[in-house]
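Structure first, commentary second.
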There are 2 protein chains.
Amino acid sequence: MKRPESADPVLPYLDRLRQGKVKVTPNRRRVLGRFLESDKPWTLQSLHRSLGEECDLSSVYRALSALRAAGLLEEFRLPGEKETFFSLIKHHEQARIPGVRGAGPKARAHAHHHHHIVCQDCGQVSHLDICVPAGLMGKVEDASGFRITEHHLEFKGVCGDCR
Amino acid sequence: MKRPESADPVLPYLDRLRQGKVKVTPNRRRVLGRFLESDKPWTLQSLHRSLGEECDLSSVYRALSALRAAGLLEEFRLPGEKETFFSLIKHHEQARIPGVRGAGPKARAHAHHHHHIVCQDCGQVSHLDICVPAGLMGKVEDASGFRITEHHLEFKGVCGDCR
DNA sequence: AGGTAAATGCAAGCTGGTTGCATTTGGAGC
DNA sequence: GCTCCAAATGCAACCAGCTTGCATTTACCT
């Protein structure tokens, strides 16, 4: 009988690191651990604070870079926020590893296109699977004469807990 | 007979400064002059570069703050850009001056809600009078449980000149 | 014209991020 | 298990983009 609940949820992420020839080190485990413990966006500073003196700021920085390069994290900026945020890409949503198992040239593409809403009171960030309608994109192209290649849509509001 | 074309376009802006009890100084004239010469978004750094040694960086900074506080400029950040942008609010689009001529409590509200599209090649920024459809907002509120108070929509693309 | 609150230049400070370098270490190959 | 070396780490220095304190100068009210 299978007992999926017995498998440590960190394992698939570690596997992916090893497959990408990225060393599994204590710092990377610690950082990854925080993302798994609380499924929320972290910043360089908030992670460093959370890890206390366990891990130097520059090491957190390089751990974030490595995990992002390996396709485990996505990076984004929020309007009005100075810091850069990172959030864990769910294992099943991760892009193929480049150069492994015949992955195509488009590997490492965005894991899953989405947008964010931030609570103006508690700072909580939620992901949104909702996107800009194609019709609006067309209108923007017509009105501006630009050809759109990218868009960013972020909301601010008050979350259910804070209301 | 009236000859509107003979009026210096800077005058209404200077009037507004004086009405807001903000001193009209050489630095503020210089900064305002740049916004009037080229109707594009400027950053603290680009303005300082453009003004050469005429004006200290901190003075450009404080001139921008003063002009923004007086409601002559809007401030915004673009995704992927580290610097903060400022653009001139057309005189006829400016909000009422608080405390002057019986302006209501909502004075100094946003001049005119809009969004931006940036050229990924030349950095040119255009304003868009297009906005997020109300229906989409409703969907986001339903899906997230948040009450939306603010939104930011920015596009990146290739402008007509760069294509 | 004179007085004063506000603007300016200069230098120093701050946040958030990034890098060079000497040392340590994960993990592939024995 | 043990060796070895490319890669990871900690430390300190550095960088961009503002932001502020302070002594001096100045716009503009009277």
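Reminder, nothing fancy here: chain letters follow the sequence lines and each chain counts from 1. Heavy atoms only: backbone and side chains are in, while hydrogens, waters and symmetry mates are out.
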- Message: For B:C131 versus B:H113, what's the shortest heavy-atom pair and its separation?
- Response: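 In this case the closest contact between B:C131 and B:H113 is SG-NE2, 3.3 Å.
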- Query: Taking all atoms of both residues into account, what is the closest heavy-atom pair of A:A70 and A:V22, and its distance?
  - Reply: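 Looking at all heavy atoms of both residues, the shortest contact is CB-CG2, 4.4 Å.
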Contact list (N/O, under 3.5 angstrom) for nucleotides 27-30 of chain D vs protein:
from   : atom 1 : to    : atom 2 : distance (Å)
D:dA27 : O3'    : B:V24 : O      : 3.3
D:dC28 : OP1    : B:V24 : N      : 2.6

- Query: Is a donor-acceptor pair below 3.5 Å formed from side chain A:R28 to base C:dG26, judging by atom type as modelled?
  - Reply: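 Under the 3.5 Å cut-off, the side chain and the base do not form any donor-acceptor pair.
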- Message: Between C:dG17 and A:R62, counting only base atoms on the nucleotide and side-chain atoms on the residue, is there a donor-acceptor pair under 3.5 Å?
- Response: no
- Message: Does D:dT26 have its OP1 or OP2 closer than 4.0 Å to a side-chain nitrogen or oxygen of B:N27?
- Response: no
Please state how far atom [atom1] in [X] lies from atom [atom2] in [N], giving the value in whole angstrom units.
| X | N | atom1 | atom2 | result |
| --- | --- | --- | --- | --- |
| A:K21 | D:dA8 | NZ | P | 13 Å |
| A:R29 | C:dT25 | CZ | P | 16 Å |
| A:D56 | C:dG20 | CG | C1' | 14 Å |
| B:E81 | D:dA16 | CD | P | 16 Å |
| A:E75 | C:dG16 | CD | C1' | 13 Å |
| A:R30 | C:dT25 | CZ | P | 12 Å |

- Salt-bridge criterion met for B:D142 and B:K139 (N-O under 4.0 Å): no
- Task: Look at A:D121 together with A:R163 and state whether they make a salt bridge at an N to O cut-off of under 4.0 Å.
- Result: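 Result for this pair is no, no salt bridge flagged.
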- Linking I/L/V/M/F/W/Y whenever their side-chain heavy atoms sit closer than 4.5 Å, directly or via other members, would B:L78 and B:F155 fall into one cluster?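 No; tracing contacts between hydrophobic side chains, which count when under 4.5 Å, never links both residues.
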- Verify whether one side chain among A:E150 and A:H152 offers a donor that lies under 3.5 Å from an acceptor in the other. yes
What N/O pairs connect the protein and nucleotides 17-19 of chain D at under 3.5 Å? Give each pair on its own line.
from   : atom 1 : to    : atom 2 : distance (Å)
D:dC18 : OP1    : B:T84 : OG1    : 3.3
D:dT19 : OP2    : B:Y61 : OH     : 3.1
D:dT19 : O5'    : B:Y61 : OH     : 3.1

- Query: Are B:H151 and B:H115 an aromatic pair by the rule of ring centers under 6.0 Å?
  - Reply: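 Yes: the rings meet the under 6.0 Å criterion.
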- Ring centres of A:H116 and A:H127 under 6.0 Å apart?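 Yes.
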- Item | Most 5' of A:F85 and B:C55 on DNA chain C, judged by nearest nucleotide |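 Result: B:C55.
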- Message: Walk me through whether B:L14 and B:L32 qualify under side-chain contact (heavy atoms from CB on, under 4.5 Å).
- Response: CA-CA 9 Å; B:L14 297 184; B:L32 202 42; 4.0 Å; yes
